[in-house]
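Letters go in sequence order (proteins before strands), and every chain restarts at 1.
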Amino acid sequence: MSAYLGLWHYHACIVLMMVGLFAVISRQHLVKKILGLTITQVSVIMFFVAMGKVRDGTAPILATMEAEAVATAARDVDYSNPIPHVLMLTAIVVGVATNALGLSFVVRIKASYGSAEEDEILAADHETSKRESAAL
Amino acid sequence: MFAPLADWASSLEALTEHFPVLVVVLPMLAAPLCFLVRHANLARAIGGLAAVACFAMVVQLLGRVLDEGVVSYRLGGWPPPLGIEYRYDLINTFVALIVSAMAAIVIPFGQNPRAFAVPPGRHNVVYAVYALCAAGLLGMTVTGDLFNIYVFLEISSLSAYTLVAIGSERRALMSAFSYLTMGTIGGLFFLIGVGMLYQMTGTLNIVDLSERLADVSSVRTLSVAFAMLFIGLSIKLAVFPLHQWLPNAYTFAPPKVSAFLAATATKVAFYVMLRVIFTIFGRERSFEQMNLDRILLPLSVAAMFMGSIAAIYQLNIKRLLAYSSIAQIGYMTLGISLNSESGLVGGIVHLFNHAVMKGGLFLAVACILFRLGSVKIEDMRGLGRRMPWTMGAVLIFGLGLIGVPGTVGFVSKWYLVVGAIERDLHVVAFLTLVSSLLAVVYVWRLVEVAWFSKASEGSSAQTVREAPLAMLLPVWLLALASLWFGISTDHSAGIARLAAQQLLGTAP
Amino acid sequence: MTSNESSIPGSARKWLRVLFATCAVLVVADFVFDKHPHFGFEKLPLFHAWFGFAAFAFIVAVGALLRFVVARSEDYYERHNGSQRSAMPSEDAEVEPEAREAEDHRRV
Amino acid sequence: MFEAVPPGLFLVLGGVLALFLRGSLRSAVLIALPILGAVQLALLPNGFSMQWQPFEGYLFEVVRVDALSRVFGYVFYLAALISVIFSLHVKDTMQQSAGIAYAGSGVAALFAGDLVTLFVWWELTAVTSVFLILARRTDRATRTALRYLVVQVLSGVLLLAGTLLHYGETGSLAFGALGLGSLGRDLIFVAFGIKAAFPLLNGWLQDAYPEATATGSVWLSSFTTKLAIYALARGYAGTEILIPIGCVMTVFPVFFAVIENDLRRVLAYSLNNQLGFMVVGIGIGTELALNGTAAHAFAHILYKSLLFMAMGAVLYRAGTVKASELGGLYKSMPWTATFCIIGAAAISAFPLFSGFTSKSMILSAAAEGHHDVVFLILLFASAGVLEHSGIKIPYFAFFAHDSGKRPKEAPKNMLVAMGIAAALCIGLGVFYGPLYALLPYRVDYTPYTMAHIVTQLQLLVFAILAFLVLQKLRLYPSERRATILGADWFYRRPLPAIGVRVGIACAFVYLTLVGMAAAITRRVGHVLRKLYQPPGPLGEPWPTGPAALVAAILLVVYLVSVYV
């Protein structure tokens, strides 16, 4: 049980991710879908950051000390692995780009369909395709 | 007096050393350049040159790979586990060849302004996005670093969404949006998988990963990581039933974009899937521990049928081809799920074949759209008489989709059926053959409409001319390739076999 | 039985004579030449002649009977296919236009 | 250069090329192709072989030339040449291209050294030949074409299935003597049997050939069935079951032919009957019998296409080949009538005509093998041949009661083609030496012995006498417009229409089943259409919400399935 509790930050990430996905699945408004995607992205970023945190560890630098001395020095030290952070810097950039692109699509969609609700847009598309097949 | 020449030669030789990275960097540099020049034809020239140069470099690299084995390039001079490595072995050089060849075919040849919603003065942007997309796809293919793959995946995806949104109809926007949504979810799943693998091994280098994973064989996280990577890639690859983004994206994108994406984007995703399954996790773990065949085999067979049946009933030729793509992706994943050398050869060779056929078909559709102004099958009545070369090429590709002997399609189906029989999966072999019959039906629909029906009175199919040579040229290049590689299989199937052996670790 | 001409034209009469003459020659020949038969039944006098005659009559007789069983009106197969109209033009593309017109005319 | 191209491929490629040519260049190319092919064949020695390894571990013998395939090859080229000339006037260019490609794939199939190559060309003959029926462009022909294609492709599928099974059993793909006895080889036998129009598998032949275009049936009559005969001779020589099969094939079509009104369908029956002779020859399997089969196939292709050409000319000029509507055409089409009579004499095996020199060998082989019943049946069938092809075809088309039709004489190209075929029919009957020299085994046979001539003439002349007597007595069935049900009926209308008399119950059950099947088929088609045709749920992509949900569900399902 404690093992599961000890992983609470991962569980938080999972909950966050579920919230994001739920928004994508259940909301009709396109901006809300984008928000859902953003929340999911944030959950992934948090997951990476969380796993970069190493308790009782130290930076993986080639040391001249004995192994035991390293272990002593690292005791009770909270060490943050920089690599996941660096990775996430990239991922955040990707996320921003995705959001920007997605929102720009929404703007264009709103302009051409007059709506940003997916069901209304699809109904309009449905009409179009019905007209196309009726024209045959 | 020869000194400058000698200098030049030696600097060229030095440049050769950097080909592995230039393959990615060149189109990536071309993209902003295209954007800045603000002139459509100039941008086309820049993008086209970059693509052709890429293709030439990949050809040179393929030669090197065939001669020397793996070619590794260290970015910034750092040795692999620490620094990022671009690593060329047979399978990804083969895929890079397809991507760069397709880019070299699609980018330089005239785009059809009618297919764009972009104002004429801004066409340079289209080439910029093409180049960016090509850079992303090539990067994904050649990099040896898992996170790098993610980054390039997103670069290529973002530019692919943009390319789809360029389509002339407003439905293109919605298609691009749903492509973006699904693509992002797929990318995030992939990223989570990457994170879990890093968490367990502390490395992102693919080769290093595969070695270190041996120590963590029994960890449950590994299964989750595998599932995440697999599902994420399946979305990108449009494995049934995760294909929902694909039909509309291919339908409403400009046909040349569809040609480019159909021939490259899914292929690269398929390659990454091969990497994950066979190189990182290894055949044994993927199939015995993760029971990959148990999920992938039924999905592949379902894709073959659902895609083909849906294709039969489509009224729009691009939609028809899109659904047919889903079926063809089913053949490729079937090749993985058979878990045998012949099956894998079939999958890989079908990757190549499908790129040739679908790329060519969408380019032919571009010709049809250019002249006819419509992509509805009904409007193509009697078009065979007016545009014999275009429709003739469609027929050749169609025969390939069916798998008629003498075309590339036959070669891949042969390996798949042999692979299924080797594994005693007679039902699967049978179903593969039956699904080819469905392909007969949807190809026959095109043939019947084009050659055996009369154009309705006053329709534009009565008056159109054959497409211009510049558009026909790439179509027929691919059509001849689909015949050539159907007969002379040494190159396509030969390389595929070697690649499969490398992936399976059974290389002699 | 409209096809049987009761009055045989002169040229046909000539051919008939030739035929009868040939029959007579063959009957004679049967006894003149050695037939080196393979089977017993071939030794019967004029075996091939009467066998040909009988076989022919038999075939015609059976055919005539067969007509009661398998003959149907000409549009037998079409009658029930009428609903499956296809978009094809239905004139016979292969027949010469003039012949086609004549045929159409007759059909009316 | 000739060594590099499989025989027949010239014609297939040339057929495609011809699609893009016009005018006299096109005609010249079309005529040159078969000649070029024959020259190539003449240059390739027996024992020539071309191998191809498309996949590691699978070696295909794409070309194998030997005496048996050579004799068929020559006559295929000859038939292609004659058919090309016959169809030169056709404006619908697709037909000639399809025809020449069809001939080419037939030739290529002859020289296939392994079963996979055979399969490839086997299917290509089906695909190319269907255009010759489609080109008629009538509703009826379109439906027939579809039925024809289905049956032909079925034959190919059986061949492939049999090949794979056979490969599984023996590890060999070679196409040599197979024989019956395992499932794979039995399937291949049935596949050959379909194309050879075995009894009850023959429906497609009488169904399709009369529906083809006037020129199309000339092409069709030459290649498909003879390819099957060749394949049987190669794979199943001496298989005893072929003797009874062949006997049935020779006998039963003759009855149908008596009452059939469509003269091209009469020819289709007659074709079936002639195939019977060859099948018997293969079944006997001695050197003499196989020589006879090959010779008969050679002669048969020529006189059968001559007869189909004559009827094609009549169809072209008069618009119909129904016996009930023809008669007296000799007055305005004397040349066609003459050629038709020559063809009729050849098929009836009158001495001095080609049928005599070839069929005699099969009959002699039966006699030497002491197959007395077989011998009698073949004799009986010979009388049948005389009835339907020897008398009925020329008599009702060109003589009989005068229909009043005065169509023009056939076009020149048709007359030339018929002339060549007619000349060969007589030539092979008189100078049979070159043909005998071509045969697969050494020939030690003299067709013209006095006994032979006398007995054959007795048979034929007295049969003609019977015809006259029956006519005089008004016992000969007159021609009526009617559809005669053949084996095609089984799949065109598998409905016991005589069932009213045979058993109403039977019909009732059957109708219910058919009705249910039709309803289910329609229902399934309807459901599929509803589901898949846009805007059906499976024919259009889903909104992003459900799509994302599917992804999430699949992920969970996979994880659960791994853990459980």
**Message:** Does any backbone or side-chain atom of Ser112(A) lie under 4.5 Å from a heavy atom of chain B? Answer side chain, backbone, both or neither.
**Reply:** both
**Region of Ser178(B) that comes under 4.5 Å of a non-hydrogen atom in chain A** = neither
**Item:** Residue, of Val24(A), Val93(A), Ile83(A), that accumulates the most heavy atom pairs under 4.5 Å with chain B
**Value:** Ile83(A)
**Request:** Would you mind checking which part of Tyr198(B) comes under 4.5 Å of any heavy atom in chain A, side chain (CB onward), backbone (N, CA, C, O), both or neither?
**Result:** side chain
**Message:** Please check if the number of heavy atoms outside Phe22(A) that lie under 6.0 Å from its CZ is greater than 12.
**Reply:** no
**Message:** Please classify the contact between Phe177(B) and chain A as side chain, backbone, both or neither, with a heavy-atom cut-off of under 4.5 Å.
**Reply:** both
**Asked** So, are Glu378(B) and Lys376(B) salt-bridged, with charged N and O less than 4.0 Å apart?
**Response** no
**Greatest number of heavy atom pairs closer than 4.5 Å to chain B - which of Leu21(A), Leu87(A), Thr40(A), Leu122(A)** = Leu87(A)
**Asked** Considering residues, nucleotides and ligands other than Arg445(B), do more than 12 of their heavy atoms fall under 6.0 Å from its CZ?
**Response** yes
**Request:** Look at the aromatic rings of Phe226(B) and Phe230(B) and report parallel, tilted or perpendicular, splitting at 30° and 60°.
**Result:** parallel
**Prompt:** Which atoms of Leu204(B) come close to chain A, meaning under 4.5 Å heavy atom to heavy atom: side chain ones, backbone ones, both, or neither?
**Reply:** side chain
**Request:** Fit a plane to each ring of Tyr323(B) and His243(B), take the angle between them on a 0 to 90° scale, and name the class: parallel (under 30°), tilted (30 to 60°) or perpendicular (over 60°).
**Result:** perpendicular
**Prompt:** Trp245(B) vs Tyr179(B) aromatic rings, parallel, tilted or perpendicular, using cut-offs 30° and 60°?
**Reply:** parallel
